[in-house]
Amino acid sequence: MWRLAAAACCIAAAAHAAEPSQLAKDIGVDPSKEIADSSLFEDVVVAPIPISNPTVGTGLAVVVMPFYHLGPESPLSNTAIAAGYTSSGSWALGAAQTTRLRGDDLRIDGFLAFIDLRYRFFGKGSDAGSAGQSVPIEQKATAFVPELLFQVRGHAFLGVRYRGVRVETSFDTTEVPPALAPFLDLTGTIVSSGVGPVAVLDTRDNDMSPASGWLADFRGNFAEHSLGSDSSYRTFTLGVNHYRRLGPGVLALRGYACGASERTPLFDLCLYGSGSDLRGYEIGRYRDRSMFTAQAEYRLPLGGRFGAVAFAGTGKVAPTFGDMGNQPTLPSIGAGLRWLASAKARVNLSFDVARGRDETSGYIYVKEAF
């Protein structure tokens, strides 16, 4: 659900953001000298952002995103506060925090979000999505996901994440295809509460629009009754990105895998099309307990604040990774434009058109896809 929310309103939202002057004192920076230094405050993006997404339709989000340094040797931190509404009746409100402290020895990230998401539910598995049969679904959710990472060596980080989600699911049962009738028992409210390990290798030259380096991140979640969860299950995600300069532009590569155990709730299954994996698909049209994707994107500056991208990728979903060979491939291809909203922070406003196996979709969002 929280992955759906990010796509629904171009936001994820946040752990508490401390007052910069107090946070400067906590990390040993003299606020009378450093906070007054304009080099600590880099830029702020304040903008109404049109939303275009095949899952939730079209709409508008308002985003406020300041960028700042919390110490003279620390990379950029940022806070994002946003709200949005779309033509499907979906809305989201929340904030997200990315904090870099002590010269990047310590990372405190997270989000808090309130969501009412309305979209089409196609069932589970590759065959369900291919059949095209769907039923309207509404999911109301609250999600709180803080994360703490410590630098252990060089560009490697280890830490822990808490993930608390409450989801209320309801279906429009006036006309339900027979293949989807068994899923109607999944209505009601489910609470998921879990903790899990986080491991990150990050050698990128910039968080917002990298031109070189690697980003590999693993996140696990162990939802347990003892932590207040209604169901006990496991999930994991693993993403690996690589960036390198190629000619006048940048080549970006990404591989991603997702796995979920039995008894995983519907909203926590691997959702094809969520985040940046892959564009061109309604989020959740193809969902199951295992998923992998691979994609490449070439990013070319056009002059001034404008740029262009071209991308292609493929992937599969299946009940298990051992079943992947029997499942159909789900390709994606597309192109897009970029407008540099913040030169200091290197943040782009992105517009993409992507063709999946079933349809062509348009996207408008902040930052790069990955």
Side-chain angles (χ1 to χ4, degrees), residues 6-7 9-15 17-20 23-24 34-53 59-84 92-101 103-104 107-111 202-213 215 241 243 245 248-250 252 275-276 279 297-309 311 336-352 363-370:
C9 290
C10 304
I11 62 172
E19 177 67 27
L23 192 49
E34 299 296 348
I35 297 300
D37 186 346
S38 62
S39 66
L40 292 183
F41 177 79
E42 287 293 337
D43 206 350
V44 59
V45 175
V46 181
I49 305 297
I51 299 170
S52 178
N53 187 286
L60 185 70
V62 178
V63 179
V64 180
M65 187 181 294
F67 295 86
Y68 44 87
H69 292 281
L70 296 173
E73 302 298 328
S74 297
L76 275 178
S77 299
N78 72 82
T79 303
I81 302 173
L93 171 67
Q97 180 66 32
T98 299
T99 308
R100 303 292 182 259
L101 298 171
D104 210 17
R107 295 184 172 188
I108 304 173
D109 300 336
F111 68 84
D202 188 357
T203 66
R204 295 173 298 169
D205 63 335
N206 182 272
D207 286 357
M208 297 295 134
S209 183
S212 63
L215 173 64
N241 300 354
Y243 310 90
R245 296 188 182 277
V250 173
S276 57
R279 285 159 284 180
E297 179 172 287
Y298 187 67
R299 301 167 182 173
L300 178 69
L302 296 179
R305 288 178 173 260
F306 290 93
V309 302
F311 53 88
L337 294 174
R338 299 291 181 266
W339 183 76
L340 188 62
S342 170
K344 290 184 178 180
R346 287 168 57 177
V347 177
N348 284 321
L349 177 61
S350 302
F351 170 72
D352 294 336
Y363 299 81
I364 302 175
Y365 54 96
V366 178
K367 299 168 55 176
E368 297 296 341
F370 61 90

Tell me, please, which residues at least two apart from Asp104 pass side chain to side chain donor-acceptor pair (under 3.5 Å).
Arg107
Chi angles and distances behind the side chain to side chain contact (heavy atoms under 4.5 Å, CB included) call for Val64, Thr79
CA-CA 8 Å; Val64 180; Thr79 303; over 6 Å; no
If you take all heavy atoms of Ser342 and Asp43, which pair is closest and at what distance?
OG-OD2, 2.7 Å
Mind checking the CG-CD1 spacing from Leu60 to Ile51? Nearest 0.5 Å is all I need.
6.5 Å
Mind checking whether Tyr363 and Phe351 have side chains closer than 4.5 Å, heavy atoms only?
no
For Ser276 against Ala369, the heavy-atom pair lying closest together:
CB-O, 2.8 Å
Restricting to non-hydrogen atoms, name the atom on Pro75 and the atom on Gly103 that form the minimum distance, rounded to 0.1 Å.
CD-C, 4.2 Å
Checking Arg346 now: which residues fulfil salt bridge (charged side-chain N to carboxylate O under 4.0 Å, His left out) with it, not counting sequence neighbours?
Asp205
Can you see which heavy atom on Leu93 is nearest to which on Ala83, and at what distance?
CD1-CB, 3.7 Å
How would you list, by chain and number, every residue that makes a side chain to side chain donor-acceptor pair (under 3.5 Å) with Asp207, sequence neighbours excluded?
Arg204
CH2-CG distance between Trp339 and Leu302, expressed to the nearest 0.5 angstrom
14.5 Å
Which pair of non-hydrogen atoms, one from Phe41 and one from Pro66, has the smallest distance, and what is that distance?
CE1-CB, 4.4 Å
CG (Asp109) and OG1 (Thr99) are apart, to the nearest 0.5 Å, by 6.0 Å
Enumerate the residue pairs fulfilling salt bridge (Lys or Arg N to Asp or Glu O under 4.0 Å) with a member in residues 298-308, sequence neighbours excluded, ordered by first and then second residue.
Glu297-Arg299, Arg299-Glu368
Residue set satisfying side-chain contact (heavy atoms from CB on, under 4.5 Å) with Phe67, at least two apart, ordered chain then number -> Glu42, Val45, Met65, Leu76, Asn78, Met208, Ala345, Val347
With sequence neighbours left out, write down each residue that passes side chain to side chain donor-acceptor pair (under 3.5 Å) with Asp352, or none if nothing qualifies.
Arg279, Arg338, Tyr365
Please give me the minimum heavy-atom distance between Gly249 and Tyr298, naming the atom from each residue.
N-OH, 3.0 Å
